[in-house]
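Residue numbers begin at 1 in each chain, while the letters A, B, ... track the order of the sequences.
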2 protein chains.
Amino acid sequence: MSRSTPRNETMSIARLARHLGLSEGTISRALNNYPDIAEKTRERVQKAARELGYRPSSSARRLARGVIETIGFVLPTCRTQHSDPFLAEILNGLATELALHDWDLLVSAVPDGQNEVDVIDRLVGSCKVGGFVIARTRRHDARVDYLRQSGVPFVVQGRTDDPSDYSWLDIDNEQAFIDAVSYLRRLGHVKIACLSGDPTMNFAWQRRSGYLHAMAQQGGHIGVGYLIDGITDAVSAKDATNRLLSITENDRPTALLCVTDAVAIGAMQAINGAGLGVGRDISVMGFDGLPIGQAVHPALTTLHQDSYEIGREAGRMVLGLCTDPSSLPKQTLWQAKLTPRASVNPPGTSPAQHNQGG
Amino acid sequence: MSRSTPRNETMSIARLARHLGLSEGTISRALNNYPDIAEKTRERVQKAARELGYRPSSSARRLARGVIETIGFVLPTCRTQHSDPFLAEILNGLATELALHDWDLLVSAVPDGQNEVDVIDRLVGSCKVGGFVIARTRRHDARVDYLRQSGVPFVVQGRTDDPSDYSWLDIDNEQAFIDAVSYLRRLGHVKIACLSGDPTMNFAWQRRSGYLHAMAQQGGHIGVGYLIDGITDAVSAKDATNRLLSITENDRPTALLCVTDAVAIGAMQAINGAGLGVGRDISVMGFDGLPIGQAVHPALTTLHQDSYEIGREAGRMVLGLCTDPSSLPKQTLWQAKLTPRASVNPPGTSPAQHNQGG
DNA sequence: TTGACTTACGAAAGCGCTTTCGGTAGCGTG
DNA sequence: CACGCTACCGAAAGCGCTTTCGTAAGTCAA
């Protein structure tokens, strides 16, 4: 481990060169595996570099090469809302993939009084990043507009409503909710309600569309007040669900599709609080696959997505764009995995039949 | 907005200099507000820079100055466990504070087969970062050992069991759990159990210590099996709580202190699942102040900490260390805020008295 | 042995910015 | 008018690395 050697105070290529009696250029080429270096010299140089704890200065290298090898990421500015459970996972995947290729991830936040585009512009303009990844995409997203005209390679996790000419990767939210409705319909549910999210966020919009389309196509019944928008966390979900529960029993939905697991958990609490049984009187379905969904009672049926892998794929994509700038926009669609658990059962399931498994 | 000007392809100081008929040195000094520049010239230069969309190259500047202006952060490698709800908040606060001072945050992850110290060493050694922030600190933490001998300024969120000679900031976990026990004792609880976390993590160890000390000092009763270690998520919490519930009613705890809100929620599910009432038969208390704690039923009493502010303070501290390397280690202790809600009541509370508020 | 050709390396010019040093013009003072 | 002084700016040397170009030695065929 080079880490055990004394600290790399000023170990430069120049010092290595003097130490070995070679020129700086030779050292550089030997370390970077250029072809026109004698095998013997290369090994001698690399051995010395290892032993003396040489580490290239990334600023110098970047300046000389004119490349950046850094990807930018701006944290979504939703401080008021739930701390996004994906974010850590996605960042982890992204950072891992970048680290494997010796690229860096530069993370920034949006200070009060600035907007996201200002921050992106600052990072791009000062040549601090050579590419960008953005997440939590809105249907119309100024960040995408900016990046599109900036010429900087970028990858969008999620997509806008006009996702034609840039690279993105996304869960097939619409299909996922279509699958969810199919699943509920097969079990016999007809009256299916939906707690939808912030309609300016595209993932929420797409799930909502999937719900509406599938309900129309598969003969579900959307009663008055069945579709509630703007539910972003467990607290607002609880209120909204209580409104649903105030509908007379005949018109009340037997199943509830929730835009996220957090919303689903809020809904479950409201149902339990009203003395009704989740998965018996009302089936509840979430989206995300949060670990907590396995611990609530009954365990939450959900549409699972692997955020870590999404982050890694975003990393691969943006690296591809950066290293081969002529490459065409690439788009990847993932399918969410329907994970049946105890919170969804056929309507009218008696307590005895109630599936307790996880 | 400079963003509306044509892209900054090759707008360098050299071009500015030619354009204005000045030397490069003058441009640089004018832009950086050196004293020996005529006011008129300074304004002329800054105006031209703005209009031509000049942005300094950070690599060049860093190379010339020999400073880094970047803080490193390595994402905790707990992929198997819960995605830490703080992380996003802390990162947000940290990145915000750094952004306000035009510093950058470099985030890395730990690829399979490497450990955290390798990653830190790589970032420090290649001069990519000038300071470090670490989180999720263990009682004995190799990262701290490494950073201590490396000479790099760093701040630890949390602390090790030997927190004497470096900078850290932490919640007073021990005091928080002492306060929690006091609160429960004042309400009349005697038999108080504790779901503790991974004992190698110092926050969990400290909370556990607080529980043990306070129980000894305040005359609580710790029955057999009351203290359960290694509970890190809602799922394991559910199992552990079921074990507690299997104790005969006379010896069963009337209150349950949980190392985190996620654990508390798992415990609540187990209690509800056993047909008992949270806040009636057994009071439950968490730690974190997650939003979801307000949505569960009954609402979760918890010890609240503001992760965003912790992140910002970490940023301030590490900036202080980096800009004034001679400054002494600084240590900040925060108090968690006890937030009473409905999940905790005096023992033997009848359903009628049961506080339903949130 | 000579010529052309390959191999392996040194010399040196950058990359874009900072900063020290020195010099000129303008000012005031005696 | 000579002197010193300040204010302002240009020249130039880096920061540590990359890369082009050139060249000396080594290889091979004729």
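By the 4.0 Å N-to-carboxylate-O rule, Glu309(A) lies too far from Arg312(A) to be salt-bridged with it. Using a 4.0 Å cut-off between charged side-chain N and carboxylate O, Glu43(B) and Lys47(B) make no salt bridge. Taking a cutoff of 4.0 Å between a charged side-chain nitrogen and a carboxylate oxygen, Glu313(A) and Lys330(A) qualify as a salt bridge. Between Arg159(B) and Asp141(B) there is no salt bridge, since none of the side-chain N atoms of the basic residue sits less than 4.0 Å from a carboxylate O of the acidic one.
Proximity of residues 29-46 of chain A to DNA chain D (heavy atom under 4.0 angstrom from any strand atom) is restricted to Arg29(A), Asn32(A), Tyr34(A).
Asp145(A) and His140(A) share a side-chain donor-acceptor pair at under 3.5 Å.
Looking at Trp168(A), its side chain does come within 3.5 Å of a backbone N or O of Pro163(A) through a donor-acceptor pair.
Residue contacts for Ile27(A): at a heavy-atom cut-off of 4.0 Å it reaches no nucleic acid atom on any strand shown.
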- Apply side-chain contact (heavy atoms from CB on, under 4.5 Å) to the pair Thr70(A) and Lys128(A), showing each step before the final yes or no. CA-CA 7 Å; Thr70(A) 300; Lys128(A) 283 179 172 171; over 6 Å; no

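The phosphate of dT18(C) (OP1 or OP2) has a side-chain N or O of Ser28(B) nearer than 4.0 angstrom. At dG10(D), one or more side-chain N or O atoms of Thr26(B) fall inside 4.0 Å of OP1 or OP2 (strictly under the cut-off).
For Asp324(B), the CG atom counts as densely surrounded, since its 6.0 Å shell holds more than 12 non-hydrogen atoms of other residues, nucleotides or ligands.
In this entry the distance linking CG of Leu22(A) with P of dA11(C) reads 11 Å, nearest Å.
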If you restrict it to nitrogen or oxygen atoms, what contacts under 3.5 Å exist between nucleotides 12-16 of chain D and the protein, and what is each distance?
| residue | atom | partner | partner atom | Å |
| --- | --- | --- | --- | --- |
| dC15(D) | O2 | Ala64(B) | N | 3.3 |
| dG16(D) | N2 | Ala60(A) | O | 3.4 |

